[in-house]
There are 2 protein chains.
Amino acid sequence: MSAWGRRPEVLRMTRQRSALTALLEQTPDFRSAQQLHEMLRGQGEAISLATVYRALQAMAEEGEVDVLRGSDSELRYRRCRRGEHHHHLVCRSCGHTVEVTETVVERWAARTAREHGFAAVSHAVELSGLCASCLDKT
Amino acid sequence: MSAWGRRPEVLRMTRQRSALTALLEQTPDFRSAQQLHEMLRGQGEAISLATVYRALQAMAEEGEVDVLRGSDSELRYRRCRRGEHHHHLVCRSCGHTVEVTETVVERWAARTAREHGFAAVSHAVELSGLCASCLDKT
DNA sequence: TTCCCTGCAAAGCTTTTGCAGTGGG
DNA sequence: CCCACTGCAAAAGCTTTGCAGGGAA
């Protein structure tokens, strides 16, 4: 814990950063840092993997991207579309993602926490399944 | 994907395995493989970390333990109270865990998935907060 | 000019695996 | 007697970090 190693006061918009931002802008689904790196290299961008990691980390802290942890050990990122709280419905075959906003779960989480004497409760809800087009391909 | 490297037909109850089982039996909260390993060593058991990992993996496949992936990169395990589908309410300070069974979320997940054309949907729901006793300690 | 950002390479972490020897059934 | 299990150490992934040079503002 601890170690919020000091954060810069401003984020500089460098060539690498804007390339990554642009890529995220046109990428609808969650991608891992390594995938994003490959995509950038693939389109001729000169950028190192470390930079991608650092940029994504910074953007996540700014709330500019959503971070998701799948069943494997890698984090996946996607540009955040909405300010408010939401969850994701992810296709486990192609990665296609739908953002879902719902109050049912929110209320259930709050009630459950209260019943058990917990406070400051946050909840993580992720749905995964097979999307319509992946079902067709079968 | 793939590689369901062949599984043994029977699980042998070795000294290491029963020590781990016993430990899990008396451990109410989720613990990482490394924590469990240390606890075993601490009580004088001779067992390697690799064995702990392999045993937990096997037990997870058998459905004997629940696996949870926290915000960090490590998996945490706990003996599964055999039975129906459930979720967890975990204290982010002490790790104390409460099992929660609820149908509200289940129904919401199913409905949401259907609305978006998804099938074979599974859901992961984890609540984390501060439990009553950790709140008191403050 | 300042000091944030970048690349590279090395290091860190958790988890997995190859191998040869051991022991449960 | 098999062959699953174990320990050890090396390897595998993903991610982070130290350092020195570069480039936004």
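Distance, A/Glu74 CD to C/dT15 C1': 15 Å, rounded to whole Å. Rounded to whole angstrom, the span from the CG atom of B/Leu49 across to the P atom of C/dT17 amounts to 14 Å. When the P atom of C/dT22 is taken as reference, atom CD1 of B/Ile47 falls 18 Å away, rounded to whole Å. Put simply, CZ on B/Arg41 is 11 Å from C1' on D/dC8, counting in whole angstrom units. Look at CD on A/Gln57: it is 8 Å from C1' on D/dT16, rounded to the nearest Å. At whole-Å resolution of the value, CE in B/Met59 and C1' in C/dT15 are 18 Å apart. The CG atom of A/Leu56 sits 17 Å away from the C1' atom of D/dT17 (whole-angstrom rounding).
For residues 94-133 of chain B, the pairs satisfying ring-ring contact (aromatic ring centres under 6.0 Å, His included) are B/His85-B/His123, B/His87-B/His123, with sequence neighbours left out. Sorted by first then second residue, the salt bridge (Lys or Arg N to Asp or Glu O under 4.0 Å) pairs that include residues 48-60 of chain B, not counting sequence neighbours, number zero.
Within a 6.0 Å sphere centred on CD of B/Glu38, heavy atoms belonging to other residues, nucleotides or ligands number 12 at most.
Taking A/Glu45 as the reference, A/Arg15 meet the salt bridge (charged side-chain N to carboxylate O under 4.0 Å, His left out) condition, with sequence neighbours excluded. Qualifying side-chain contact (heavy atoms from CB on, under 4.5 Å) partners for B/Thr97, counting only residues two or more places apart in sequence or in other chains: B/Asp29, B/Phe30, B/Arg78, B/His88, B/Val90. Judged as a side-chain contact (heavy atoms from CB on, under 4.5 Å), and not counting sequence neighbours, the contacts of B/Gln34 are B/Ser32, B/Leu49, B/Tyr53. Applying the side-chain contact (heavy atoms from CB on, under 4.5 Å) criterion to A/Gln16, with sequence neighbours excluded, gives A/Thr14, A/Ile47, A/Thr51. Residues satisfying the side-chain contact (heavy atoms from CB on, under 4.5 Å) test with A/Ala22, not counting sequence neighbours, are none. Checked against salt bridge (charged side-chain N to carboxylate O under 4.0 Å, His left out), A/Arg79 has the following partners two or more places apart in sequence or in another chain: A/Glu25. Under the ring pair (Phe, Tyr, Trp, His ring centres under 6.0 Å) criterion, B/His37 pairs with no residue, sequence neighbours left out.
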Where along nucleotides 18-25 of chain D does protein come under 4.0 Å, by heavy atom, of base (B) or sugar-phosphate alone (S), with - for untouched nucleotides?
B----BBS
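Using a 4.0 Å heavy-atom distance criterion, B/Ala55 is classed as making no nucleic acid contact.
Here the options are B/Val52, B/Leu23, B/Leu20, the test is side chain to side chain contact (heavy atoms under 4.5 Å, CB included), and the partner is B/Met39; only B/Leu23 passes.
For the OP1/OP2 pair of C/dT16 and a distance below 4.0 Å, the side-chain nitrogens and oxygens of B/Tyr53 include no atom meeting the criterion. Contact annotation: B/Gln16 does not reach the phosphate of D/dC5 (side-chain N/O to OP1 or OP2, under 4.0 Å). The phosphate of D/dA4 has neither OP1 nor OP2 within less than 4.0 Å of any side-chain N or O from B/Arg17.
Comparing the helix axis at one end of the helix from C/dT1-D/dA25 to C/dG25-D/dC1 with that at the other, each defined from 5 consecutive pairs, gives an inter-axis angle of 40° (nearest 10°).
Proximity of residues 30-39 of chain A to DNA chain C (heavy atom under 4.0 angstrom from any strand atom) is not detected for any residue.
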